[in-house]
Amino acid sequence: AGIATVGSWTLGATAGTNTLTATSTGLSGNPVTFTATGTAPPPASISVNAGDGQTVAAGSALPTAPSVVVKDANGNPLAGVTVTFTIGSGGGSVTGATAVTDASGIATVGSWTLGTTPGANSLTATVGSLNVTFTATGS
């Protein structure tokens with residue numbers, strides 16, 4: 001019937017446009033290019049990027065705002081993922097508690113101010129069922 005088919009086509013591990021080109025010498029309309037768009041898979045991991053393990057005076061804001069990196073199952077950073085930061089132990093407050101990952105998969109809380117009582121404080125970053133906890137000490 002004059003139809004040629006490819007056995008299979010597996011898209012690349014990174015979200016975005018993929019192309020497949022078919023060529024045959026001497027035919028009109030040659031070459032023919034097929035395109036497919038791979039969408040970002042769901043987040044598979046969240047990990048600390050910066051801001052863990054700091055010590056400041058109780059009731060003070062940390063000098064380095066905590067940030068996380070969110071990746072897919074292939075280890076690719078995911079952009080546009082919403083991360084929620086919540087105070088765990090020690091009291092205190094955060095600004096920018098809902099952050100969206102950038103092109104590098106990084107989301108940063110606006111700021112984290114520790115509770116007024118000296119001691120351990122914690123902050124948890126969550127994406128779906130994934131989370132990571134930051135610790136800080138108020139002196």
Side-chain angles (χ1 to χ4, degrees):
I3 297 173
T5 60
V6 65
S8 67
W9 180 17
T10 302
L11 300 184
T14 304
T17 302
N18 292 250
T19 59
L20 176 69
T21 303
T23 60
S24 181
T25 305
L27 295 179
S28 64
N30 189 39
V32 175
T33 301
F34 301 89
T35 61
T37 302
T39 58
S45 69
I46 183 173
S47 59
V48 169
N49 180 64
D52 191 30
Q54 299 177 75
T55 299
V56 297
S60 298
L62 296 175
T64 302
S67 66
V68 296
V69 61
V70 178
K71 295 182 178 180
D72 66 19
N74 294 316
N76 298 309
L78 293 174
V81 176
T82 301
V83 178
T84 304
F85 293 87
T86 55
I87 296 293
S89 63
S93 62
V94 294
T95 63
T98 301
V100 177
T101 58
D102 63 16
S104 298
I106 297 172
T108 306
V109 72
S111 67
W112 180 17
T113 300
L114 301 185
T116 57
T117 303
N121 287 248
S122 66
L123 176 73
T124 300
T126 304
V127 172
S129 63
L130 305 171
N131 62 64
V132 64
T133 300
F134 294 84
T135 59
T137 303
S139 59

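Formation of a donor-acceptor pair under 3.5 Å by the Thr23 side chain with backbone atoms of Pro31 is not found in this model. Between the side chain of Thr135 and the main chain of Ser122, no donor-acceptor pair closer than 3.5 Å is present.
Of all heavy-atom pairs spanning Ala50 and Thr64, the tightest one is CB-CG2, 4.3 Å. Summarising the geometry of Ile106 relative to Ser67, their closest heavy-atom pair is CG2-CB, 4.0 Å, with the distance given to 0.1 Å. Across all non-hydrogen atoms, the minimal contact from Ala36 to Leu11 is CB-CD2, 3.9 Å. Annotation for Val109 and Thr95: closest pair CG2-O, 3.3 Å, computed over non-hydrogen atoms. Between Ala125 and Val68, the shortest heavy-atom distance links the atoms CB-CG1, 3.6 Å. Of all the heavy atoms in Ala73 and Ala44, the pair that sits closest is N-CB, 3.4 Å.
Residues Thr101 and Pro77 form no side-chain contact, since every pair of their non-hydrogen atoms from C-beta on lies 4.5 Å or further apart.
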Next item on the list: Show your working on side chain to side chain donor-acceptor pair (under 3.5 Å) between Thr126 and Thr84 and close with a plain yes or no.
Entry: CA-CA 5 Å; Thr126 304; Thr84 304; over 6 Å; no

Next item on the list: Could you check Ser93 against Thr113 for side-chain contact (heavy atoms from CB on, under 4.5 Å), going step by step and ending with a plain yes or no?
Entry: CA-CA 5 Å; Ser93 62; Thr113 300; 3.8 Å; yes

Checklist line | Audit row: Phe34, Trp9, side-chain contact (heavy atoms from CB on, under 4.5 Å) steps and yes/no | finding: CA-CA 11 Å; Phe34 301 89; Trp9 180 17; 4.2 Å; yes

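Atoms CG and CG, on Leu123 and Leu62 in that order, are 8.5 Å from each other to the nearest 0.5 Å. With rounding to the nearest 0.5 angstrom, the CD1 atom of Ile46 is 7.0 Å from the CG atom of Leu130. One finds the OG1 atom of Thr137 at 8.0 Å from the CG atom of Leu114 (value rounded to the nearest 0.5 Å). Atom-to-atom distance recorded for Asp72:CG and Ser45:OG is 8.0 Å, nearest 0.5 angstrom.
There is no path of hydrophobic side-chain contacts, each under 4.5 Å, that joins Val81 to Val100. In the hydrophobic clustering of ILVMFWY residues, with side-chain heavy atoms under 4.5 Å counting as a link, Phe134 and Val69 come out apart.
Side chains of Thr133 and Thr124: a donor-acceptor N/O pair is present below 3.5 angstrom, by distance only.
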